[in-house]
Amino acid sequence: MREQVAIFLHIIGHNVKFRVIGSRYYRSIETIHRYFRVVLKAILKLYKLAIRLPDEPTPSEIRNNTRFYPYFKDCIGALDGTHFRASVPLSIKGRFRSRKYGTTQNVLAAITFNLKFFDVLAGWEGSAHDSCILSDALSRPRGLRILEGKYYLADAGYDIRNGCITLYRGV
Ligand SMILES: *[C@@H]1O[C@H](CO)[C@@H](O)[C@H](O)[C@H]1NC(C)=O
């Protein structure tokens, strides 16, 4: 059990290939693969315990600041896409090629003002548009939830819609 957790942390902490980890821990790649999945599933089960909607109506970072309050009282955080290096089969590599960063996944993350991750959607191709990934996150049964009247701040890669306010261009 401990070994499985150690292997999992080693992989996600240092981005090490299963093959390399296998030789380090004297295990086959299949075993490493299985251990990784077991621990990943266990961690995902913690979601309900660890991740909660903030229970105050307005984040204190906004309420405490007269520059922001009351204008942004319904803002609950910020969201953006970020690119992670991806190793994918040659046949689908083109779709994962992003404009700036090589072969990547485009990962959407929503955070609160005290820098806690509220939602992450991984797996989209690096070439996918931010606003299209946000639509996907919002349409999934267990995807990103934004309460009626609340919204996130986002950059110009997103469009203004319910739940998301972007920059006013040129200002
Ligand atoms: C906002 O003010 C309250 C009450 O003074 C304080 O407890 C809280 O830590 C403050 N939050 C921030 C982010 O400054």
Side-chain angles (χ1 to χ4, degrees), residues 1-2 4-16 36-86 96 98-102 104-171:
M1 201 53 148
R2 273 193 189 173
Q4 297 178 4
V5 174
I7 287 173
F8 179 86
L9 292 176
H10 197 151
I11 291 169
I12 61 164
H14 298 282
N15 193 21
V16 187
F36 187 84
R37 289 187 67 90
V38 166
V39 178
L40 181 62
K41 276 192 180 160
I43 290 202
L44 291 177
K45 282 195 184 139
L46 294 175
Y47 181 87
K48 279 195 197 135
L49 295 172
I51 313 260
R52 281 188 301 122
L53 273 170
D55 39 22
E56 32 179 26
T58 300
S60 66
E61 288 82 356
I62 287 183
R63 209 189 39 236
N64 290 0
N65 191 323
T66 51
R67 271 180 72 204
F68 304 138
Y69 190 85
Y71 316 106
F72 289 96
K73 69 180 171 48
D74 292 317
C75 179
I76 47 178
L79 57 82
D80 203 1
T82 183
H83 287 263
F84 283 81
R85 204 157 49 88
F96 281 81
S98 60
R99 269 178 305 142
K100 287 185 260 180
Y101 315 100
T104 62
Q105 283 186 37
N106 189 349
V107 177
L108 173 71
I111 62 165
T112 60
F113 290 111
N114 51 0
L115 304 184
K116 290 189 174 143
F117 281 86
F118 183 65
D119 193 83
V120 171
L121 177 60
W124 270 88
E125 301 93 329
S127 64
H129 285 289
D130 286 343
S131 61
C132 156
I133 300 174
L134 177 58
S135 299
D136 181 33
L138 290 168
S139 69
R140 287 178 183 232
R142 287 168 58 185
L144 181 59
R145 287 284 156 273
I146 305 175
L147 293 177
E148 188 75 36
K150 299 288 181 181
Y151 58 86
Y152 284 95
L153 299 177
D155 69 18
Y158 298 88
D159 34 35
I160 294 183
R161 60 173 98 194
N162 284 340
C164 175
I165 288 190
T166 60
L167 303 177
Y168 190 76
R169 277 181 205 273
V171 176

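Computed over heavy atoms, backbone and side chain alike; hydrogens, waters and symmetry mates excluded. First listed ligand is number 1; within each ligand, the first listed atom is number 1.
Distances from atom 5 (O) of ligand 1 to the protein include no heavy-atom value under 4.0 Å.
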Please report the C-alpha distance between Asp119 and Tyr152 in whole Å, then the side-chain angles of each, then the deciding distance to 0.1 Å, and finally whether the side-chain contact (heavy atoms from CB on, under 4.5 Å) criterion is met. CA-CA 12 Å; Asp119 193 83; Tyr152 284 95; 5.8 Å; no
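Taking atom 8 (C) of ligand 1 as the reference point, the nearest protein heavy-atom neighbour is Asn64 ND2, 3.8 Å. Counting protein heavy atoms only, atom 13 (C) of ligand 1 is closest to Ser60 OG, 3.5 Å.
Taking 4.5 Å as the limit, some side-chain heavy atom of Cys75 sits within range of a side-chain heavy atom of Leu153. With contacts defined as side-chain heavy-atom distances shorter than 4.5 Å, the pair Arg63/Glu56 qualifies.
Between Tyr71 and Tyr151, the shortest heavy-atom distance links the atoms O-OH, 3.9 Å.
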